[in-house]
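This is a predicted model, so every value here is computed, not measured.
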Amino acid sequence: QVQLVESGGGLVQVGGSLRLSCAASGRTFRSDVMGWFRQAPGKERKFVAAIRWSDSSVNYEDSVKGRFTISRDNAKNTLYLQMNTLKPEDTAVYYCAAKFGLSFGAFWEDYHYWGQGTQVTVSS
């Protein structure tokens, strides 16, 4: 059984920062790419960022470039998303996801495992 557990969400003011964490566990867990998606109320789940385990190469959605940083700790099997200069439009439930295959995958259908999500609310 593979489990992805997110933490670190919360309420923050415009311009503030949050760091999300995603702890991966499971008897035989392995993946090639891990990423973050977000889903605002009434909208579809959208790609935010991804990182490839093998070489730490990263990919970001345009609206978060320069503000968000994805990283991972191999030893802890943990994925992070540092979010700075937060805006009201960043408000969403953020999901951690993992996939097999070296392509980054910009669609939720590309990913094989999902966490339960953590709420991020940015107040103006």
Side-chain angles (χ1 to χ4, degrees):
Q1 184 77 9
V2 172
Q3 284 191 317
L4 302 177
V5 180
E6 301 99 333
S7 61
L11 175 65
V12 64
Q13 291 186 332
V14 169
S17 298
L18 282 174
R19 189 176 84 153
L20 306 183
S21 299
C22 172
S25 63
R27 190 162 55 93
T28 58
F29 175 78
R30 63 162 289 274
S31 68
D32 298 299
V33 171
M34 289 191 73
W36 291 97
F37 284 72
R38 63 186 178 186
Q39 187 167 19
K43 297 189 176 182
E44 63 181 13
R45 193 170 298 187
K46 291 188 175 181
F47 173 79
V48 175
I51 186 166
R52 189 178 292 134
W53 286 105
S54 60
D55 60 5
S56 296
S57 55
V58 297
N59 187 37
Y60 294 99
E61 190 270 328
D62 286 346
S63 70
V64 308
K65 286 180 180 177
R67 300 189 299 124
F68 291 11
T69 303
I70 189 171
S71 62
R72 87 284 190 268
D73 184 326
N74 283 356
K76 296 181 179 180
N77 254 355
T78 300
L79 179 73
Y80 302 100
L81 185 68
Q82 177 67 43
M83 305 186 295
N84 299 327
T85 320
L86 283 161
K87 304 176 181 180
E89 52 265 40
D90 295 319
T91 294
V93 176
Y94 283 70
Y95 296 90
C96 169
K99 67 179 293 290
F100 302 114
L102 295 178
S103 63
F104 280 118
F107 301 96
W108 67 268
E109 300 93 334
D110 297 327
Y111 287 75
H112 302 93
Y113 299 113
W114 290 90
Q116 82 289 350
T118 185
Q119 177 70 47
V120 171
T121 303
V122 184
S123 65
S124 56

Rounded to the nearest 0.5 angstrom, the CG-OG distance for Asn74 and Ser56 is 6.5 Å
Where Ala24 and Leu4 come nearest, the two heavy atoms and their spacing:
CB-CD2, 3.6 Å
Closest non-hydrogen contact found for Thr91 with Val122 is OG1-N, 2.9 Å
Does the Glu6 side chain pair with the main chain of Gln116, one donor and one acceptor, at a distance under 3.5 Å?
yes
Could you check if a side-chain atom of Trp108 sits within less than 4.5 angstrom of a side-chain atom of Gln39, using non-hydrogen atoms only?
no
Give a yes or no on whether Leu79 and Val33 share a hydrophobic cluster (residues Ile, Leu, Val, Met, Phe, Trp, Tyr; joining criterion: side-chain heavy atoms under 4.5 Å apart).
no
Gap between atom SG of Cys96 and atom CD of Gln3 - 0.5 Å precision
12.0 Å
Taking all atoms of both residues into account, what is the closest heavy-atom pair of Trp36 and Leu20, and its distance?
CH2-CB, 3.6 Å
Minimum-distance pair of heavy atoms, taken over all atoms of Met34 and Ser31
CG-OG, 3.6 Å
Path from Ile70 to Phe104 over hydrophobic side-chain contacts below 4.5 Å:
no
To the nearest 0.5 Å, what is the distance between CE on Met83 and OG1 on Thr85?
11.5 Å
For the student: nearest non-hydrogen atoms of Arg72 and Ile51, plus distance:
CD-CD1, 3.5 Å
Does Tyr94 belong to the same Ile/Leu/Val/Met/Phe/Trp/Tyr cluster as Leu18, with side-chain heavy atoms less than 4.5 Å apart forming each link?
yes
Residues at least two apart in sequence or cross-chain that pass ring-ring contact (aromatic ring centres under 6.0 Å, His included) with Phe100, listed by chain then number, are His112, Tyr113
Would you mind reporting whether Val12 and Ser17 have side-chain heavy atoms less than 4.5 Å apart?
no
On a heavy-atom basis, which atom in Ala49 and which in Leu81 lie closest, and how many Å separate them?
CB-CD1, 4.4 Å
Heavy-atom distance under 4.5 Å between the side chains of Val120 and Arg38, does that happen here?
no
Are any non-hydrogen side-chain atoms of Phe47 and Asn59 less than 4.5 angstrom apart?
yes
Could you walk me through whether Tyr111 and Phe37 pass the ring pair (Phe, Tyr, Trp, His ring centres under 6.0 Å) check?
CA-CA 10 Å; Tyr111 287 75; Phe37 284 72; 5.1 Å; yes
Say whether Tyr80 and Val58 are linked into one hydrophobic cluster, either directly or through other cluster members, by side-chain heavy-atom distances under 4.5 angstrom.
no
Should the ring pair Tyr95 and Trp114 be called parallel, tilted or perpendicular, given that the plane angle runs from 0 to 90° and is split at 30 and 60?
perpendicular
Any chance you could measure Leu86, atom CG, to Ser123, atom OG, to the nearest 0.5 Å?
10.5 Å
Crowded around Gln13 CD? As in, over 12 foreign heavy atoms under 6.0 Å?
no
4.5 Å side-chain heavy-atom contact, Arg52 and Leu102:
yes
How far does CD of Gln82 sit from OG of Ser21, to the nearest 0.5 angstrom?
9.5 Å
Regarding Asp90 and Lys87, does a basic nitrogen lie under 4.0 Å from an acidic carboxylate oxygen?
no
